[in-house]
Asker: 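Take a look at this one; I'll ask things after.
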Amino acid sequence: MYALVDVNNMYVSCERVFAPSLVGRPVVVLSNNDGACIARSNEAKDLGVQMAQPWFQVRHLERSAGLVALSANFELYGDMSSRMMSLAQLHAPRQEVYSIDECFLDFDGVRGDLVARGRALRTQVLRWTGLPTSVGFGATKTLAKLANHVAKTAERKPGSYPRALAGVCDFGALDRAALAEVMRRTEVGNVWGIGRKTSAKLNEGGVRTVFDLMQADTASLRRQFSVVIEKTVVELRGTRCLEVDDAPEPNQQIMCSRSFGEPVTALPDLLDVASQFASRVAEKLRQQDGAAGAVHVFITTSPFRRQDRQHSPSLTTRLLRPSADTRTLVAAATRAMQAIYRPGFNYVKAGVMLVDLGPAGQPQGELDLFAPAGQGGPDDPVRRTPERLMQALDALNQRFGRGTLNVASAMEPPAPAAYHAKRERMSPRWTSRLDDIPHVH
DNA sequence: TCTGGGGTCCTAGGACCC
DNA sequence: TCTGGGGTCCTAGGACCC
């Protein structure tokens, strides 16, 4: 059996660990720029706050319903996540970390009562980290995800499913009739891989519940949608198409993109942004020990600003040879930015993406076949220095904080820039900054 | 006034090759 | 007048996930 473990309302739950006064209150965590809600407590969901809903649309609930909004504190969530993952890992032979708040566990060959094991896991994670979790067991990943949904919903909405399934739900422990009843009570859009568009189309065709979907003809589903849906149905019927993978491949692309605090029109600002973003993705790239073959840069105006002329240019620049050198990547990104920029537009967002990734390994730096011996030719030991320079850069930034050392063009300008994101409601980085450690009086 | 930031996979269609 | 068929590679775009 496979299990899916996830933290209930992860970001809100992390905030509550260090601010117990938030327990029981409606709380949302806002995206970058304090723009939209990216996490909601159950109380906030009950108020009708939707995922990704713009903050200005729900702001009135602050006064009328005591809604609390916090800026996203990813440093805190990342640290809490690794604590939770390392605990969950202790409960099964293999773990696949699937996202910041979820992991699959492989219980194949494990004897005993899985529900009891799931409860033990929940209890330990709650005691040791303060984070509430839900656990679902199923024969396939898709079933484990669905069981997790049932466990969570049964706990949150009494009456939706049998009380016994709250918190921990093992599909393997249900008899045929009970399982069919659960599938009949569950809308098809709750299945992993069935999104908004697909569920709308399925509903049109009379497929409303998971039960309906399980009966549907796979061949015609494949024709109408794609093999993805076909695999989903096969998995719902209990045949594995996806394995728990505890050694996933490194990422195929690495991106840094952000909305600005206010629209940006000037090229120098955008060049600053390009070099800062490129510097950030270069760092991420070296963490996975990779090299990028190409750099993709984009900027976009806002479709919500109807009065503005729209412009969303992008450009992919192929590098001479794969590189993980901040200086090379920053140079490519700023050159691309220069090329796509047009004056007179209100740009609200930019991004730098590294693509065509491969393993590092090749010596970096400019290769000059015709250089005299010892002066930049293929055998020149000096050519290895860029790697060591980047290692030193990463080591210093890790020890003293991001931005301690950078290439000059990626340094923050002395005055606060317009493109800086708003983060007016951010909590302290309780677990990862010495200055932010909570005091007990 | 104010609308997230990462990722993955699949498909269709065009260019190109023999 | 009549103008192949099969394969690969690349890109853009869409749908999905958290």
Side-chain angles (χ1 to χ4, degrees), chain A residues 4-11 28-40 49-60 62 69 71-74 77-78 81 96-104 141-142 145-146 148-149 188-202 222-232 241-242 245 248-263 277 280-281 284 288 293-294 296 298 300-308 312 314-316 318 346 348-357 421-424:
Chain A
L4 184 93
V5 181
D6 84 336
V7 178
N8 304 342
N9 313 327
M10 168 77 174
Y11 298 167
V28 294
V29 172
L30 301 175
S31 63
N32 179 266
N33 241 353
D34 294 345
C37 306
I38 54 171
R40 307 158 292 157
V49 179
Q50 300 297 306
M51 187 60 181
Q53 189 167 14
W55 170 233
F56 72 89
Q57 288 178 2
V58 292
R59 182 165 208 158
H60 63 276
E62 253 182 320
S71 302
N73 184 348
F74 287 107
Y77 312 149
S81 169
E96 173 185 341
V97 175
Y98 176 66
S99 74
I100 191 163
D101 73 324
E102 284 174 66
C103 65
F104 287 101
K141 279 183 156 183
T142 304
K145 285 279 280 186
L146 195 64
N148 179 279
H149 166 80
V188 76
N190 293 310
V191 174
W192 188 38
I194 309 286
R196 244 191 28 248
K197 304 255 178 177
T198 309
S199 23
K201 275 191 205 166
L202 285 170
R222 180 179 186 148
R223 243 177 291 119
Q224 197 190 348
F225 300 98
S226 71
V227 294
V228 185
I229 307 300
E230 187 186 21
K231 274 189 196 168
T232 298
C241 301
L242 308 162
D245 182 5
E249 295 291 306
N251 290 342
Q252 294 177 32
Q253 47 180 251
I254 295 174
M255 178 152 72
C256 176
S257 77
R258 212 142 302 165
S259 304
F260 306 136
E262 42 189 272
F277 288 10
R280 175 77 188 109
V281 286
K284 286 197 211 173
Q288 72 169 46
H296 179 84
F298 68 87
T300 132
T301 51
S302 170
F304 297 105
R305 297 170 64 98
R306 294 277 180 76
Q307 72 280 13
D308 283 8
S312 302
S314 69
L315 183 65
T316 306
R318 187 147 292 283
N346 287 320
V348 298
K349 183 178 178 177
V352 173
M353 190 158 79
L354 301 181
V355 292
D356 198 6
L357 304 189
K422 271 190 297 188
R423 293 163 105 194
E424 290 168 354

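Keep in mind it's a predicted model, so treat the numbers as computed, not measured. By convention in this document, chain letters (A, B, ...) are assigned in the order of the sequence lines, proteins followed by strands, and residues within each chain are numbered from 1.
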Asker: A:W192 vs A:Y98 aromatic rings, parallel, tilted or perpendicular, using cut-offs 30° and 60°?
Answerer: perpendicular
Asker: Dot-bracket for DNA chain B, 5' to 3', with Watson-Crick and G-U pairs under 3.5 Å, [ ] for crossing pairs and | for other-strand pairs: what is it?
Answerer: ....||||||||||||||
Asker: Between the main-chain N or O of A:N32 and the side-chain N or O of A:R258, is there a donor-acceptor pair closer than 3.5 Å?
Answerer: no
Asker: Any side-chain to backbone donor/acceptor pair from A:K284 onto A:M255? Under 3.5 Å, distance only.
Answerer: yes
Asker: Any side-chain hydrogen bond (donor to acceptor under 3.5 Å, both in side chains) involving residues 49-60 of chain A? Give me the pairs, sequence neighbours left out, ordered by first then second residue.
Answerer: A:Q53-A:Q57
Asker: I want to verify a distance call: between B:dG4, B:dG5, C:dC17, whose nearest atom is closest to the A:A52 side chain?
Answerer: B:dG4
Asker: Would you find a donor on one side and an acceptor on the other, under 3.5 Å apart, between the side chain of A:S31 and the backbone of A:A36?
Answerer: yes
Asker: In terms of heavy-atom contacts, does NZ of A:K201 have more than 12 from other residues, nucleotides or ligands at under 6.0 Å?
Answerer: no
Asker: Closest nucleotide of DNA chain B for A:S257 versus for A:W55: which of these residues is on the 5' side?
Answerer: A:W55
Asker: What are the atom names and distances for every N/O pair under 3.5 Å that joins the protein to nucleotides 7-13 of chain B?
Answerer:
residue : atom : partner : partner atom : Å
B:dG7   : OP2  : A:M255  : N            : 2.6
B:dT8   : OP1  : A:Q252  : N            : 2.9
B:dC9   : OP2  : A:Q252  : NE2          : 3.3

Asker: Out of the candidates A:L30, A:V29, A:V28, only one should pair with A:Y11 under the side-chain contact (heavy atoms from CB on, under 4.5 Å) rule; please name it.
Answerer: A:V29
Asker: Among B:dG6, B:dG4, B:dC2, which is the nearest nucleotide to the side chain of A:R258?
Answerer: B:dG6
Asker: If I take atom OH in residue A:Y11 and atom P in nucleotide C:dC18, what distance separates them, rounded to the nearest angstrom?
Answerer: 12 Å
Asker: Got a sec? Which of residues 193-201 of chain A come in under 4.0 Å of DNA chain C, heavy atoms?
Answerer: A:G193, A:I194, A:G195, A:R196, A:K197, A:T198
Asker: At under 4.0 Å, does any side-chain N or O of A:K349 touch on OP1 or OP2 of B:dT3?
Answerer: no
Asker: Could you label the plane-to-plane angle of the A:F298 and A:H296 rings as parallel, tilted or perpendicular, counting under 30° as parallel and over 60° as perpendicular?
Answerer: tilted
Asker: May I have the step-by-step check of side chain to side chain contact (heavy atoms under 4.5 Å, CB included) for A:S81 and A:M10, ending in yes or no?
Answerer: CA-CA 9 Å; A:S81 169; A:M10 168 77 174; 3.9 Å; yes
Asker: So what does A:D101 hit on the nucleic acid, given a heavy-atom distance under 4.0 Å: a base, only sugar-phosphate, or nothing?
Answerer: sugar-phosphate
Asker: For B:dT1, does OP1 or OP2 lie under 4.0 Å from any side-chain N or O of A:R305?
Answerer: no
Asker: Between B:dT3 atom C1' and A:F304 atom CZ, what is the distance in whole Å?
Answerer: 4 Å
Asker: List in chain and number order the residues that pass side chain to side chain donor-acceptor pair (under 3.5 Å) with A:D356, two or more places apart in sequence or in another chain; answer none if no residue qualifies.
Answerer: A:R318
Asker: To the nearest angstrom, how far is A:N73 atom CG from B:dG5 atom P?
Answerer: 16 Å
Asker: Could you tell me whether A:V191 contacts a base, only the sugar-phosphate backbone, or nothing, with contacts defined as non-hydrogen atoms closer than 4.0 Å?
Answerer: sugar-phosphate
Asker: If I pick the C1' atom on B:dC17 and the same atom on C:dG4, what distance separates them, to the nearest angstrom?
Answerer: 14 Å
Asker: For A:R305, enumerate each residue passing the salt bridge (charged side-chain N to carboxylate O under 4.0 Å, His left out) test, keeping only those at least two apart in sequence or located in another chain.
Answerer: A:D308
Asker: Atom CD of A:E262 to atom P of B:dT3: distance rounded to whole Å?
Answerer: 11 Å
